[in-house]
Amino acid sequence: MRASQYLIPTLKETPSDAEVISHQLMLRAGMIRKLASGLYSWLPAGLRVLQKVEAIVREEMNRSGAMEVLMPVVQPADLWEESGRWAEYGPELLRIKDRHGREFCLGPTHEEVITDLVRDSINSYKQLPMNFYQIQTKFRDEVRPRFGLMRGREFTMKDAYSFHASQDCLQETYDKMYDTYSRIFTRLGLEFRAVDADTGSIGGNASHEFHVLADSGEDAIAFSTESDFAANIEKAEALADKEQADAPSQELEKVATPATHSIDDVSAFFKVAAAQTLKTLIVLAETNEEGKQELIALVLRGDHELNDIKVDKIPGVAVPMAMASDEEIKAVTGCGVGSLGPNLKIKTYVDRSAAVCSDVVVGANEDGFHLTGFNWGRDGELPEVVDIRNVVEGDKSPDGKGTIVIKRGIEVGHIFQLGTKYSSAMKATILNENGKAQVMEMGCYGIGVSRIVASAIEQNYDDKGIIWPESIAPFQIAIVPLNMQKSEMVKEAAEELYAKLQAKGLDVYFDDRNERPGVKFADIELVGIPHRIVIGERSLKEGNIEYKHRKGGDAQDIAVTEIDGFIDDLFA
RNA sequence: CGGGGUAUAGCGCAGUCUGGUAGCGCACUACACUGGGGGUGUAGUGGUCGCAGGUUCAAAUCCUGCUACUCCGACCA
């Protein structure tokens, strides 16, 4: 492509409303422009990247045996009423009416449409399994669109839906998708992790999220230093650092601790680490038969953080988890929040790590007092032990291998075993071997295509701009002729090379603009083209042209006569 | 939805308090110089100051209402 006939409107200054680096750089590199909040136009160079990502996704999906389809963006409300989601889905679902007053929505996802399609077209177990996918625009009316393409309202997604006669068969396709996704992200040149995810309200048997690792990621992921273990921090199991508590070495002592409430206060007052203290949190219990909500105490080590998703799973606790108010606590325990400790007369659970502490500082359940030298068993009965905290760096990995490291990730893929949620609601059945109607098992598999583009930048940039992975760069190689408008020699050499590289099937960016060298170099670096060839009179007279990679290293001279072989090696 | 901020040329901003001819840098156009890292000079183009009312001889500036954008949080995945 000739730069003089192509639009890449680069910006020197960063638009003030761009917060994250990918957003800033895509704007600056002339790849996208904002139309309205959460809505972006793709400019030529940006679209090239998007299409390269799509191509890789498409190739690998096809290779896995999935079939590509294309379903409408606008979907009738009837289908959503059938699945129950018309009522279930909140304001994120953009609802519209046509001229006849009939209700429709803009599809945030396509379970209903595909299920409708399949129930009409598939009748026998003999036809299964089948896996359908599309690469298409989705719309979700996000509460707060932000971070540019990272959380837009309109975005490109690859979504796939598989149908099965049995759970075993679903598992098989699920595993195949897991492998396909791993292959896709590897080909995209991204550093990623597949993590065990919470299946949440939909239920189902298994779910994995695929995260691109980047400091700006919205999710925290825990993984092991020595094994494949990786899980969303919300789900990662937290182990105690030892089997059982050490034998007591201190006597229990009651100490007056005026104005000492928080864990920070307590550890400062007693000059002990927060890990040598316990904190007691009070949450609401489920409403009982008399319509009253009692309280439940949760004991954690002072330095640990409560995980509310884990708490939701403890029997008897109100869902979603809610902390009791100061008044409720005072009324039941007779003391303030800052002095709570073990041995309360209400149902109590203790975290695994808090259960193996010895000689710790705890609240005395009496305002203004704490106990030191507290030991379970001797000084209080050990309540039921549960896992209710977030994992922290340095914890033992749940699979017993290595320790936990926490990094941030951007969710770019999610695979899910749906089970029969939609197929049963929408009566998508087949006849099984026994001639009986049977509801199909379903799986669904999503990839945020436009989000991948942004996440690739979050992971690969420097102070000069974007550094695209080779597989998705808008152009593979740039030719920069210097002073071509004046130098016939340079012009000839550049044109010749341009023709040659194009003939090799490469995506070439030929900067034939009458700009100063600095402008061209800066643009190419900002846009992030991986390979750069500079043709100038100076080196040309010595029979050379100059090559440099975007990732750095010094420029190297290549003899004009050897350029063919050099290029072939580069893209071998 | 709660709390903050912003809206003036394509981009980044000043001017608003204290009303009086709409400005600066970048970009853009023309010409000249320059030609291996966003170069220099000269001359230009481009704005209903977010919208609608109001006050005033006079409103970017003061008042009222609205809208859009944005940040933090809640929510969602």
Side-chain angles (χ1 to χ4, degrees), chain A residues 7-20 23-24 27-30 33-40 43 88-93 108-109 138-148 150-153 155 157 159 195 197-202 207-211 217-221 232 234-235 308-309 320 322 409-416 444 446-448 451 455 463-465 480-487 490-491 511 513-527 532-542 544-546 548 554-555 557:
Chain A
L7 182 68
I8 304 185
T10 56
L11 261 26
K12 262 192 212 176
E13 279 164 309
T14 304
S16 56
D17 55 5
E19 195 70 10
V20 294
H23 190 195
Q24 294 176 355
L27 250 16
R28 286 228 291 134
R33 285 292 184 263
K34 185 171 74 177
L35 212 217
S37 181
L39 304 176
Y40 293 87
L43 275 53
E88 231 172 75
Y89 231 97
E92 211 172 87
L93 184 65
T109 172
K138 302 281 189 238
F139 192 93
R140 292 183 190 171
D141 201 357
E142 290 279 349
V143 190
R144 178 139 104 87
R146 59 182 133 178
F147 304 147
M150 210 71 96
R151 188 171 284 271
R153 291 194 288 179
F155 54 98
M157 182 166 164
D159 48 328
V195 313
D198 190 46
T199 46
S201 50
I202 305 180
S207 171
H208 284 87
E209 290 172 355
F210 287 76
H211 285 261
E218 289 189 86
D219 298 283
I221 302 159
N232 199 304
E234 294 167 350
K235 200 192 177 185
D308 37 348
I309 288 181
I410 300 165
E411 184 188 341
V412 290
H414 199 162
I415 58 176
F416 222 111
C444 78
I447 288 183
R451 186 182 268 193
S455 67
D463 56 341
K464 291 183 176 136
V480 185
L482 300 179
N483 204 13
M484 169 173 120
Q485 273 68 15
K486 293 260 178 73
S487 168
V490 169
K491 182 173 162 64
D511 199 341
R513 295 174 301 169
N514 186 14
E515 288 286 353
R516 300 177 64 86
V519 175
K520 297 186 183 181
F521 293 152
D523 273 359
I524 284 166
E525 280 156 349
L526 179 58
V527 174
R532 184 186 84 183
I533 284 178
V534 176
I535 301 179
E537 236 174 14
R538 204 173 64 194
S539 46
L540 211 51
K541 279 179 178 154
E542 292 162 11
N544 292 328
I545 60 175
E546 199 180 282
K548 189 173 178 306
D554 290 331
D557 285 329

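All values derive from a computational prediction rather than experimental measurement. Letters A, B, ... mirror the listed sequences (proteins, then strands); counts begin at 1.
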4.5 Å side-chain heavy-atom contact, A:Leu27 and A:Thr14: no

Pairwise C1' distance, B:A59 and B:G44 [rounded to whole Å]: 30 Å

For B:G46, the Watson-Crick or wobble partner whose two distances fall under 3.5 Å: none

For A:Glu525, answer base if it contacts any base atom (sugar-phosphate contacts may also be present), sugar-phosphate if it contacts only those atoms, and nothing otherwise; contact means non-hydrogen atoms under 4.0 Å. base

Beyond-backbone contact of A:Asp141 with A:Pro91, side-chain heavy atoms, under 4.5 angstrom: no

If you measure from the C1' atom in B:A74 to the same atom in B:G2, how many Å do you get, rounded? 8 Å

A:His211 side chain reached by A:Ser455 side chain, heavy atoms, under 4.5 Å: no

For the side chain of A:Lys138 and the backbone of A:Gly448, is there at least one donor-acceptor N/O pair under 3.5 Å apart? no

What is the distance, rounded to the nearest whole Å, between atom CG of A:Asp554 and atom C1' of B:G36? 15 Å

Can you work out whether A:Ser539 or A:Glu411 has the more 5'-proximal nearest nucleotide on RNA chain B? A:Ser539

In whole Å, what separates the C1' atom of B:A27 from that of B:G12? 11 Å

Close side-chain approach of A:Arg146 and A:Val20, heavy atoms under 4.5 Å: no

Reckon A:Glu546 touches a base, only the sugar-phosphate, or nothing at all at heavy-atom distances under 4.0 Å? base

Can you check the A:Ile524 CD1 to B:G36 C1' distance for me, whole Å? 13 Å

So do the side chains of A:Tyr40 and A:His23 get within less than 4.5 Å of each other, counting heavy atoms only? yes

Neighbour count >12 (heavy atoms, 6.0 Å) for atom NZ, A:Lys548: yes

B:U8 to B:G23 separation - C1' atoms, rounded to the nearest Å: 10 Å

Figure out the NZ/C1' separation between A:Lys548 and B:G36, and round it to whole Å. 13 Å

For the side chain of A:Arg151, starting at C-beta, report the closest nucleotide among B:A77, B:G38, B:C71. B:A77

Any side-chain donor near an acceptor of the partner, A:Glu537 and A:Asn483, under 3.5 Å: no

Both distances below 3.5 Å, Watson-Crick or wobble geometry, any strand: find the nucleotide opposite B:C11. B:G25

Contacts under 3.5 Å, N or O only, protein and nucleotides 10-14 of chain B:
unit_1: B:C11; atom_1: O2; unit_2: A:Glu13; atom_2: OE1; d: 3.2
unit_1: B:G12; atom_1: OP1; unit_2: A:Ser16; atom_2: N; d: 2.8
unit_1: B:G12; atom_1: OP1; unit_2: A:Ser16; atom_2: OG; d: 3.3
unit_1: B:C13; atom_1: OP2; unit_2: A:Ser16; atom_2: OG; d: 3.3

To the nearest angstrom, the CZ-P distance between A:Arg516 and B:A27 comes to 12 Å

Can you find a side chain N or O atom of A:Lys12 that sits less than 4.0 Å from OP1 or OP2 on B:A27? yes

Considering every strand shown, what is the Watson-Crick or G-U wobble mate of B:A52 when both distances are under 3.5 Å? B:U64

Residue of the set A:Ile533, A:Asp557, A:Val534, A:Val490 for which side chain to side chain contact (heavy atoms under 4.5 Å, CB included) holds with A:Ile545: A:Ile533

Scan A:Arg140 against the nucleic acid and name what it touches under 4.0 Å (heavy atoms): base, sugar-phosphate only, or nothing. nothing

Atom-to-atom span, CG of A:Asp141 to C1' of B:C76 - whole angstrom: 12 Å

Rounding to a whole Å, what distance do you find between A:Met484:CE and B:G35:P? 18 Å

Pairwise C1' distance, B:U6 and B:U16 [rounded to whole Å]: 14 Å

Between B:A68 and B:C31, how far apart are the two P atoms, rounded to whole Å? 45 Å

Steps toward side-chain contact (heavy atoms from CB on, under 4.5 Å) verdict (A:Arg140, A:Met157): CA-CA 12 Å; A:Arg140 292 183 190 171; A:Met157 182 166 164; 4.3 Å; yes

So what does A:Lys520 hit on the nucleic acid, given a heavy-atom distance under 4.0 Å: a base, only sugar-phosphate, or nothing? nothing

G-U wobble or Watson-Crick pairing nucleotide for B:A74 (cut-off 3.5 Å, both distances): none

Checking the side chain of A:Arg28 only, and the main-chain atoms of A:Leu11 only, is there a donor and an acceptor separated by less than 3.5 Å? yes

Pairing check on B:C57: which nucleotide meets the Watson-Crick or G-U wobble criteria with it, both distances under 3.5 Å? B:G20

Round to the nearest Å and state the distance from A:Leu93 atom CG to B:C76 atom P. 16 Å

Here the distance between atom P of B:A77 and atom CD of A:Glu92, to the nearest Å, is 7 Å

B:G38, OP1 or OP2 - any side-chain N/O from A:Lys464 closer than 4.0 Å? no

What nucleotide, of B:C69, B:G35, B:A74, holds the atom closest to the side chain of A:Lys34? B:C69

Side chain to side chain, A:Asp523 and A:Glu515, heavy atoms closer than 4.5 Å: no

Where the side chain of A:Ala36 is concerned, which of B:G37, B:G38, B:C69 is the nearest nucleotide? B:C69

Pick the C1' atom in B:G38 and in B:A22, then give their distance to the nearest Å. 29 Å

Any N or O donor-acceptor pair linking the side chain of A:Glu515 to the base of B:G38 at under 3.5 Å? no

C1' spacing across the pair B:G4 / B:U21, given as an integer number of angstrom: 37 Å

Closer than 3.5 angstrom, by distance alone: can the side chain of A:Arg451 be matched with the main-chain N or O of A:Met150 as a donor-acceptor pair? yes

Between the base of B:G38 and the side chain of A:Asp523, is there a donor-acceptor distance below 3.5 Å? yes

NA contact type, A:Arg532, heavy-atom cut-off 4.0 Å: base, sugar-phosphate, or nothing? base

List every contact pair, protein side and nucleotides 4-7 of chain B side both N or O, where the distance is under 3.5 Å.
none

So does A:Arg144 get a side-chain nitrogen or oxygen closer than 4.0 Å to the phosphate oxygens (OP1/OP2) of B:C72? yes

